[in-house]
Amino acid sequence: MKLSPDKKLDLREVLEGLEHYRPRRTGWRWRRRRDDPALGPFVYREATEDLAHSVPLPAAHYFGDIDPQCDMVITTEIASGRFEDDLRRMRMAAWHGADHIMVIRTTGQSHIDGLIEGTPEGVGGIPVTRKQIRATRKALDAIEDEVGRPINLHSYVSGLAGPEMAVLFAEEGVNGAHQDPQYNVLYRDINMHRSFVDAAEAKKILADAGILQLDGAHNANATAKQAWKVTPELFVQHAVNTGYSRAAGMPAGLIALSTVPPTAPPAPKLRLDLPYAVALRELFSGYRFRAQQNTRYMESDTQEATVTHVLDTLLSRLTSADIQSTITPDEGRNIPWHYNNVAGVDAARQTLMGLDGLMDMIELRQDGPLRQQVRELKERAVLFLEGLVANGGYYAAVADGQFVDQGYFPERRGDGIARDPDGGDGAGSVVARAPGYGAPVCSHFGVNVYAGRSGKPCADYGGCTLCDPDKIQYVDELDAEDNVEQRLREPLAERAAGVLRPEVEKHGDGIVCVTLLVPERAEVAEAAALEMARHMGLANAEVISRRLLHPAEGSVFEVKGRLDITVRIDALPMKPAEALLDDADIEAWVRGRDIHLVAATVGEDEHSVGLHEILDIKHGGIERYGFHCHDLGTSVSVERLLDAAEQSRARAILISTIVTHGDVHKRHMRQLHALAQQRGLRRRLVLIAGGTQISDELARACGMDAGFGRGTTGRQVASFLVTRLRALEA
Amino acid sequence: MSCEPRPDDFESRRQHLKALSDAELSERFWALVDQIVAPLIEEARTHTTPSIERSVLLRMGFSSLEAGQLVERMQARGLLGEGAGRLVLELANAKGITLREVGSGLLAGRYWNELS
């Protein structure tokens with residue numbers, strides 16, 4: 001399957017032949033350092049290999065459209081409930097730099113004692129099944145070819161079916177997985193004996209398949225009211241899973257700690273979070289770190305969330321992280337939308353590229369409060385472990401409620417989560433292995449009569465599925481109604497008919513979000529905002545974010561609603577794509593004609609970057625074709641431009657106008673046109689305007705011959721000039 | 001039940017730790033972890049679960065549906081401690097048939113009295 005950047009992902013092709021699809025590789029992939037540190041006008045200290053296709057950061061066009069890639073793997077978590085919609089979002093995220101795609105499971109999958117098959121729709125995630133995993137891996141294989149970097153697929157090996165899920169992941173080329181029995185015990189109330197016995201088998205399977213394991217400790221500070229107070233316990237949770245993983249045969253390089261900076265402003269975030277981050281990295285030296293961003297104190301304000309996440313990412317750079325995970329800025333208000341996955345990924349890479357090489361210049365002070373607090377945290381963690389031992393071991397301590405107590409250990413509030421070692425889901429299902437117990441398969445943990453023999457344990461029957469994938473039994477669909485084929489009927493028919501709807505999550509959802517400032521006290525303003533949204537034709541209008549600007553002066557709202565309309569592509573008023581002249585044609589026509597141009601930023605406007613991009617030879621501007629450009633600079637009057645044009649017998653005037661207050665940009669364009677007419681110059685002069693708020697349509701309406709907006713290249717301007725001047729000569 | 005509330009008595013509790021070097025503190029941390037993990041991993045080494053046994057059958061070439069039913073029936077007969085995979089493989093060897101033939105036979109209600 002091969003993708004083309006100008007074509008949508010073909011879901012039919014993804015689903016075709018899945019029964020025979022095999023992943024091209026197993027195991028996790030890290031980014032690779034870029035050989036040459038120079039990129040555009042800069043030299044990077046931490047850049048990794050470029051992408052073949054990507055969407056650079058918005059400001060990249062000032063630097064030759066470079067798109068440097070940071071050293072950390074970037075994670076985005078995707079789960080709409082329909083994997084077929086998620087695949088398109090994965091492609092968007094990959095173009096923005098995500099190379100770790102975490103697929104969230106549907107609510108309740110942890111409690112299903114066995115694997116699910118087919119493609120049923122999920123809630124808050126997808127039911128992770130062989131077909132969905134296989135389709136996702138197949139799509140990601142094509143997407144990674146398109147962007148030119150391996151993409152790691154990730155999901156969860158928790159719940160009652162951990163070992164089976166691990167086998168599924170190993171067979172289907174999943175690259176990363178959450179596996180932490182404590183998560184089952186504390187948050188899912190799954191029996192602790194069952195969870196730990198299952199976990200050893202699952203970890204052995206993951207380890208042999210080279211799958212990177214993430215732990216679940218971050219959940220403790222996602223649930224605690226005062227998340228910074230559970231830090232001593234977090235060391236212990238990380239350590240129990242790490243120690244257990246090592247004992248089950250997992251190498252250190254595949255063990256990643258999932259860690260979250262516990263606080264958010266207005267808390268003194270870095271002062272609290274930095275000692276914790278440093279202590280963790282010191283105690284767990286040699287292991288990998290997956291830095292997650294804070295969700296505990298997230299509200300519905302996406303800007304506030306983004307600032308917290310930028311600080312989280314700064315903390316990763318000040319300490320270390322192998323993976324920078326991202327939280328979508330809208331997670332505080334809804335299941336994430338497509339563009340917020342991209343926003344989260346963009347915020348992380350923008351931050352990390354901005355911090356490139358920082359630690360070559362600064363270091364953390366070791367003679368102040370940092371060292372003292374690091375030490376204190378470690379001692380509190382050791383005291384927690386001692387308490388665990390004194391309590392009679394892990395199971396007894398959990399039964400006693402030692403975990404997720406909100407006191408700052410050794411302080412205790414008595415509000416921890418207590419679980420009965422003989423209770424919970426799956427209680428009583430652990431069975432002692434008989435003396436002759438055997439499991440004739442690879443990657444099996446523990447006592448096994450087949451393990452001590454020479455050759456593989458599966459040699460007797462020609463190999464297990466991990467050795468011979470042809471033996472894998474593929475189950476397609478079990479439910480005639482709840483499956484991807486049924487769900488895709490309408491979307492594919494609409495797509496074929498060229499029908500479009502707005503979308504944030506699932507095909508055809510029609511959801512839009514509008515921002516409204518209502519200048520009234522909050523309660524009135526909110527009612528008014530909803531009424532206004534209804535007038536816009538939005539069904540089920542709902543305020544998803546509100547920010548008070550002033551108790552009496554007003555509030556700003558984001559209102560989501562469904563825009564229940566469709567647009568037909570073939571009925572859109574589309575301008576035919578502009579055909580540009582070849583560079584060689586332009587130059588051949590211009591050279592030898594001695595064509596002079598006059599250019600300036602007009603009015604009271606000191607912006608000059610855009611105009612330089614269009615004119616200067618070093619930016620690929622129009623000088624390179626042989627035009628003689630007279631750049632008069634910034635804040636130049638229209639009169640002076642026309643004077644200069646007369647003196648130099650210029651054939652064209654190029655104005656840049658960035659400031660738009662009071663429509664001053666329109667006034668300048670109209671003045672230039674009118675004054676050129678008055679002086680009798682208009683017929684022989686080509687007038688061109690450019691600027692971030694200029695469109696061709698607007699410029700022509702203001703008397704210009706052409707207008708150019710954001711992102712214009714010198715070639716576009718030169719091509720237009722030559723076409724117009726040729727016509728004038730004719 | 002949950003731990004009884006108590007104040008933050010860190011200063012008095014840390015007395016035995018404060019003289020330790022950073023490296024010694026780290027060593028103590030990991031020694032305690034090993035001590036806590038040891039009985040847990042020992043239980044895993046010597047015990048099994050329905051999920052483990054289903055995962056074995058998956059690896060032997062059965063579907064999740066087949067593995068689920070086979071393990072459920074073995075569990076009902078108290079046979080899981082023998083290892084679902086071993087039972088299937090030994091039966092296949094004894095009868096000279098394939099693993100999948102054993103599986104479909106068991107699912108059809110045959111061979112159960114031959115399992116030990």
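Keep in mind that the numbers below use all heavy atoms, side chains included, and drop hydrogens, waters and symmetry copies.
- Using modelled atom types, one side-chain atom of Arg433(A) and one backbone atom of Ala44(B) make a donor-acceptor pair closer than 3.5 Å.
- For the set Gly83(B), Gly68(B), Pro50(B), Ser55(B), the entry with the most heavy-atom pairs within less than 4.5 Å of chain A is Ser55(B).
- Contacts between Val430(A) and chain B at a heavy-atom distance below 4.5 Å involve backbone atoms as well as side-chain atoms.
- For the 3.5 Å distance criterion, the side chains of Glu164(A) and Ser51(B) qualify, holding a donor opposite an acceptor.
- At least one donor-acceptor pair under 3.5 Å links the side chain of Arg86(B) to the backbone N or O of Gly436(A).
- Contacts with chain A were tallied for Gly85(B), Pro5(B), Ser63(B); Pro5(B) has the most, counting heavy-atom pairs under 4.5 Å.
- Chain A forms the most heavy-atom pairs under 4.5 Å with one residue out of Asn93(B), Leu80(B), Val88(B), Thr46(B), and that residue is Thr46(B).
- The closest donor-acceptor contact from the side chain of Arg59(B) to the backbone of Ser443(A) lies under 3.5 Å.
- When Val71(B), Asp34(B), Leu40(B) are compared by the number of non-hydrogen pairs under 4.5 Å with chain A, Leu40(B) comes out ahead.
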(request) Give the intermediate values and the outcome of salt bridge (Lys or Arg N to Asp or Glu O under 4.0 Å) for residues Arg412(A) and Asp8(B). (result) CA-CA 7 Å; Arg412(A) 297 282 80 184; Asp8(B) 187 0; over 6 Å; no
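- Here the CG-CG distance, from Leu65(B) to Leu478(A), works out to 5.5 Å after rounding to the nearest 0.5 Å.
- Using a 4.5 Å heavy-atom threshold, the side chains of Tyr395(A) and Glu43(B) count as touching.
- To the nearest 0.5 Å, atoms CZ (Arg194(A)) and NE2 (His47(B)) are separated by 13.5 Å.
- There is no contact between Cys467(A) and chain B, counting heavy-atom distances below 4.5 Å.
- Under the 4.0 Å criterion applied to side-chain N and carboxylate O atoms, Glu379(A) and Arg13(B) are not assigned as salt-bridge partners.
- In summary, the side chains of Ser64(B) and Glu117(A) do present a donor paired with an acceptor at a separation below 3.5 Å, with no hydrogens or angles considered.
- A distance of 9.5 Å separates CG in Asp9(B) from CD in Glu411(A), rounded to the nearest 0.5 Å.
- Side-chain atoms of Trp30(B) come within 3.5 Å of backbone atoms of Leu283(A) as a donor-acceptor pair (strictly under, hydrogens ignored).
- The closest side-chain heavy-atom distance from Lys471(A) to Arg100(B) is not below 4.5 Å.
- Considering only heavy atoms from C-beta on, Phe445(A) stays 4.5 Å or farther from Ile52(B) through its side chain.
- Here the side chains of Leu89(B) and Asp460(A) are in contact, with some heavy-atom distance below 4.5 Å.
- Within the model, atoms CD of Glu386(A) and CD1 of Ile36(B) stand 9.5 Å from one another, a figure rounded to the nearest 0.5 Å.
- Contact annotation for Ile205(A): only side-chain heavy atoms (C-beta onward) come within less than 4.5 Å of a heavy atom of chain B.
- Taking the ring centre of Phe10(B) as origin, the terminal cationic atom of Arg380(A) falls inside the region bounded by 6.0 Å and 45° from the ring axis.
- Between the side chain of Glu82(B) and the main chain of Tyr437(A), no donor-acceptor pair closer than 3.5 Å is present.
- Between the side chain of Arg6(B) and the backbone N or O of Pro410(A), at least one donor-acceptor pair lies under 3.5 Å.
- Residue Val441(A) touches chain B through its side chain alone, counting heavy-atom pairs closer than 4.5 Å.
- Looking at Asp22(B) and Lys378(A), a side-chain N of the basic residue comes within less than 4.0 Å of a carboxylate O on the acidic one, giving a salt bridge.
- If you measure heavy-atom distances from Glu282(A) to chain B, the contacts under 4.5 Å come from the side chain alone.
- Looking at heavy atoms from C-beta onward, Leu25(B) lies in side-chain contact with Arg375(A) at the 4.5 angstrom threshold.
- Summarising the geometry, atom CG belonging to Asn448(A) is positioned 11.5 Å from atom CZ belonging to Arg45(B); distances are rounded to the nearest 0.5 Å.
- Between the CZ atom of Phe384(A) and the CZ atom of Phe29(B) there is a distance of 10.5 Å, given to the nearest 0.5 Å.
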